[in-house]
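Report on the structure given below.
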Protein chains: 2
Amino acid sequence: MQRKSLGNMQCPIARSLERVGEWWSILILRDCLHGLTRFDEFEKSLGIAPNMLTRRLTGLVEAGLLERRQYSERPPRFEYVLTERGRDFQPVLATLLVWGNKHFAPEGASVVIVNRETGELADPVVVDRISGRPLSDPVFSTAPGPAAEGETRERHTRLLNSEDV
Amino acid sequence: MQRKSLGNMQCPIARSLERVGEWWSILILRDCLHGLTRFDEFEKSLGIAPNMLTRRLTGLVEAGLLERRQYSERPPRFEYVLTERGRDFQPVLATLLVWGNKHFAPEGASVVIVNRETGELADPVVVDRISGRPLSDPVFSTAPGPAAEGETRERHTRLLNSEDV
DNA sequence: TATGTTACTTTCATAATGAAAGTTACTGGA
DNA sequence: TCCAGTAACTTTCATTATGAAAGTAACATA
C-alpha cells in the first residue's frame with residue numbers, strides 16, 4: 001500500500017509529478033534557482049525539518065535534478081547544485097508564481113518578476129514559439145504523440161475530435 | 001504535527017502549492033482541462049481510490065478551483081467543473097508537460113501539443129508579454145513586490161543585487 | 001424483483017511527514 | 001588541551017496522509 005506511483009503512466013505531466021510532486025520538492029527547486037546550494041540554507045529558508053530535507057534532497061539527486069557535490073575536503077562538506085534538468089524546471093516555477101500572484105495574494109504581490117534593463121514588471125505568458133500565438137488560443141490542443149499507446153492514444157484522439165467541431 | 005502549511009508563506013509559489021501540492025490534485029486538474037467532469041470519469045482515468053478522489057475534489061472545491069454542480073435531480077448526481085481560477089492553472093500544466101516530455105520520455109513523447117490549424121507541433125515557451133523576450137533571458141529576475149515584508153523583501157533584494165554584477 | 005449506474009462513505013492498514021534530540025568531523029579561540 | 005561553534009546530517013518516534021476493500025444511497029431500467 002505504497003503511495004501510488006505516477007511514473008509508469010505515459011502522461012508527461014504524471015511523470016513530472018513523480019519526480020517533483022512530493023511536499024517540499026518544488027520549493028527546494030525554487031530555492032536552488034534562487035542560488036541556494038547548502039543544507040542549512042535550505043533548512044533556514046524553508047523551515048523544514050532536517051530529516052525531511054535529507055529525504056527530499058536525496059530524491060531530487062536520484063531524479064537527476066540536483067547534483068551533490070563536495071565543496072570542502074576537511075571538514076567534509078557538500079552542496080547541492082542544479083543540473084540542466086533541474087534548471088529546465090524554471091518555466092514551471094514562473095507559471096506557478098504568476099498563478100499564485102493572481103489568485104492567492106489578495107494583499108498584492110510579494111514576489112514579482114522584473115526586467116532589470118527597463119525596470120518594468122514582466123508579464124510572463126506561455127506562447128508557441130513556432131506561431132507566436134498564446135497557448136491559450138483554442139487552435140492548440142493535446143494530441144497523442146509518436147510513443148502514445150492504448151488508452152493514452154484514444155484519450156487524446158477523442159479529445160481532438162470532440163473539439164474539432 | 002500536521003503536514004506543514006505553506007499557505008502562510010508570502011511566496012506565491014508556496015501559496016499555489018498549498019492548493020495543488022498534494023498527491024493527485026494536479027492530475028485531477030489536468031483531467032478537468034481535458035473535459036472530464038464526473039466522479040467515475042476521474043476515478044477511471046486516474047486509477048485513484050474513491051475515498052482519495054473525494055478528499056481531493058473537496059479540497060479543490062474549497063480552494064476555489066472547481067465547482068460542484070448538480071446535473072441531475074433524480075437521481076441526485078453531481079459533476080465538477082473548473083472555475084476561472086482552475087482554468088488559469090493551464091499554463092502550469094503546459095510547462096509541466098514540456099518538461100516531462102523533454103526529460104522523462106526516453107521512448108518519445110506520448111502526449112504533445114499541436115496547432116490544429118497548421119497541424120504542426122507547438123513549442124511552448126514562457127515569454128514576457130511586454131518585451132517579447134523569453135523569460136530565460138538573464139535580464140529577468142525575481143524582485144520583492146509591493147506587499148513584500150521582512151525576510152521576503154530581503155531575500156529578493158539580495159538576489160537582485162548579487163546578479164546585478 | 002433484480003440488476004445496473006453514479007457518486008460516494010466507512011473502516012482499517014501502511015506509508016509519508018515532522019518534531020526533537022543526537023551524531024560526525026572538523027575549526028578556531030581560551 | 002578543552003570548549004564552543006559550524007555544517008551536514010541521522011535516529012527515534014508520534015501523528016497524518018494515502019490507499020485497498022467493502023459497503024451505501026438513490027435512483028433507472030428490464
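Here is how names work: the chains are called A, B, and so on, in the same order as the sequence lines, proteins then strands, and each is numbered from 1.
What separates CD of Glu22(A) from C1' of dT18(D) is a distance of 12 Å, to the nearest Å. Between Ile28(B) atom CD1 and dA7(C) atom P the separation is 14 Å, expressed in whole Å. Atom CE in Met52(A) sits roughly 18 Å away from atom C1' in dA21(C) (whole-Å rounding). The CD atom of Glu73(B) sits 15 Å away from the P atom of dA7(C) (whole-angstrom rounding). Atom pair Arg56(B):CZ and dT9(C):P shows a separation of 14 Å (rounding to whole Å applied). Between the CZ atom of Arg3(A) and the C1' atom of dA13(C) there is a distance of 16 Å, rounded to whole Å.
Put simply, the residue from Asn101(A), Val111(A), Val98(A), Leu96(A) that forms a side chain to side chain contact (heavy atoms under 4.5 Å, CB included) with Ile13(B) is Leu96(A).
Side-chain N/O atoms of Tyr80(B) and Arg68(B) include a donor and acceptor closer than 3.5 Å.
Using modelled atom types, no side-chain atom of Arg15(B) and backbone atom of Leu97(A) make a donor-acceptor pair closer than 3.5 Å.
Side-chain N/O atoms of Trp24(B) include none lying less than 4.0 angstrom from OP1 or OP2 on dA17(D). In this structure, Trp23(B) does not reach the dA15(C) phosphate: none of its side-chain N or O atoms is under 4.0 Å from OP1 or OP2.
With contacts defined as side-chain heavy-atom distances shorter than 4.5 Å, the pair Phe78(A)/Phe39(A) does not qualify. Side chains of Pro134(A) and Phe140(A) form no contact here, defined as non-hydrogen atoms less than 4.5 Å apart.
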Subject >> Worked verdict on Asp128(A) versus Ser131(A) for side-chain hydrogen bond (donor to acceptor under 3.5 Å, both in side chains) >> reply: CA-CA 6 Å; Asp128(A) 169 28; Ser131(A) 63; 2.8 Å; yes
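Ranked by how close their nearest DNA chain C nucleotide is to the 5' end, Lys4(B) and Arg74(A) are led by Lys4(B).
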**OP:** Can you check each nucleotide of nucleotides 3-13 of chain D against protein heavy atoms at under 4.0 Å and return B for base, S for sugar-phosphate only, - for none, in 5' to 3' order?
**Re:** ---BBSBBBB-
